[in-house]
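Each ligand, and each atom within it, is numbered from 1 in the order the structure gives. On a predicted model such as this, the values are computed, not experimentally measured, just so you know.
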Amino acid sequence: MPVPFFDITRQNNPLKKELDKALLDAAHSGKYILGPNVAELEKEFAIYCGAKHSIGVASGTDSIELALVAAGVKPGDEVITSPFTFVATAEAIVYCGATPVYVDINPQTFNIDASKIATKITKKTRAILPVHLFGLAAEMDKIVDIAQKNSLAVVEDCAQATGAQYAGKRVGSFGLGAFSFFPTKNLGCFGDGGAITTNDAPTEKEVKVLRNHGSREQYRHNVIGFNSRLDELQAVILRIKLPLLDSLIEKRRNNATLYYEQLKGIKQIALPFEPEQAKHTYNQFTIKVKDRDKLQAHLKAQGVASMVYYPISLHLQEAFAHLGHKAGDFPESEAAQKEVLSLPIFPELSKAEINEACFAIREYFQQ
Ligand SMILES: *Cc1c(COP(=O)(O)O)cnc(C)c1O
């Protein structure tokens, strides 16, 4: 039996009638741009995240960029972030005219190592942009503390971690939250979508102005803005899926438990780590192994899909060559890129499929 890495149709099929009706109603409503479903979703999503406000935007990448602009990041500023993330995190910083300043990761959590942030703060630093990678919250108590002491903004890249918690609070409620509704994320739509969360009313207003061509009043443009609105049809889908999100996360966590049980005896594998203060959402279940490529080839031959997130740290990517980094600058991130392997973990994966994946892994290690 082949084991797929991801199959969204398993989530959508049982919702088909409900989705079809709601989508058709919205399609024939004539209200396509910033319609009633976007407004309702914004209220519902803010409540879910434990934030005062949320604003729908066109993608997760846009959510980071607009959050940075709203946080006051300007050309020439520096933004501290992780080199071990999806490219969009650093792209959004560069779109603002700012410079990504990387801080190496904690090899156990794959998240920015908060104890190394302070040494990278300069007069130009404007914000800290932690990424809650693979669905696990970064150390938000320490990060918020450093930011407050240095008067820096905090923008959380929550793209992979919708619903994740740190010290009992959801991500996106600590600083400005930047979320993605790309189909593979914890809460996904049928294309691109994103949202920003904030506890600050003026910031909410500012983001609403930014996403709509910098316009406070129709055809008066106060700042250079963006065309970055969450689509009404995507909001319809998200409103149907948001009430299911906690149960989808529990299914991911149950799948993770099955992996932990079956793989814990294999000493060549480092399993994902869940710190005490954090509730992991397992958007990815990412293990570390020394001979990663060989294991991946073995799994592929057995029909078990897997992915490498991410094979090249951002400081070594050609697109960021202008920053002047070289191999060796961030050793933990570079070690991770050689060893990480993400296994299938989506909520609707069956126990039999997980057993099959684990069997293939144990077979490889002859255990
Ligand atoms: C997916 C992702 C993004 C970008 O989201 P899009 O909706 O695809 O633009 C940003 N950061 C991280 C860490 C992501 O995984």
Given that the side chain starts at C-beta and the backbone is N, CA, C, O, which of these parts of T85 lies under 4.0 Å from ligand 1, counting heavy atoms, or is it both or neither?
side chain
Between V131 and ligand 1, which residue portion shows a heavy-atom distance shorter than 4.0 Å: side chain, backbone, both, or neither?
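Side chain only; the backbone of V131 stays clear of ligand 1.
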For [X], the ligand 1 atoms whose distance to one of its heavy atoms is below 4.0 Å:
| X | answer |
| --- | --- |
| S59 | 7 (O), 9 (O) |
| A88 | 3 (C), 4 (C), 10 (C) |
| T89 | 11 (N) |
| Q160 | 13 (C), 14 (C), 15 (O) |
| S180 | 5 (O), 6 (P), 7 (O) |

Nearest protein heavy-atom contact for [atom]: which residue, which atom, what distance?
| atom | result |
| --- | --- |
| atom 9 (O) of ligand 1 | T61 OG1, 2.5 Å |
| atom 11 (N) of ligand 1 | D157 OD2, 2.8 Å |
| atom 8 (O) of ligand 1 | F182 CD1, 3.9 Å |

Considering distance alone, does some N or O of G60 sit under 3.5 Å from an N or O of ligand 1?
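Looking only at distances, the answer is yes, because the N/O contact criterion of under 3.5 Å is met.
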Short N/O distance, under 3.5 Å, between D192 and ligand 1?
no
Yes or no: does K185 have any heavy atom under 4.0 Å from an atom of ligand 1?
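A heavy atom of K185 does come that close to ligand 1.
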What heavy-atom pair brings A327 and L316 nearest, and what distance separates the two atoms?
N-CD2, 3.6 Å
With side-chain contact (heavy atoms from CB on, under 4.5 Å) as the test, pick out the partner of V57 among I64, L66, L230.
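That would be L66; it is the only one of I64, L66, L230 passing the side-chain contact (heavy atoms from CB on, under 4.5 Å) with V57.
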Parallel under 30°, tilted from 30 to 60°, perpendicular over 60°: which one fits the rings of Y102 and H325?
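Rings of Y102 and H325: tilted, as their planes differ by 30° to 60°.
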Whether H221 and H213 hold their rings parallel, tilted or perpendicular, with breakpoints at 30° and 60°:
perpendicular
Indicate whether the side chain of [X] and that of [Y] have a donor and an acceptor atom separated by less than 3.5 Å.
| X | Y | value |
| --- | --- | --- |
| S54 | T197 | no |
| R229 | N227 | yes |
| T61 | E91 | no |
| N283 | Y309 | no |
| N12 | K241 | yes |

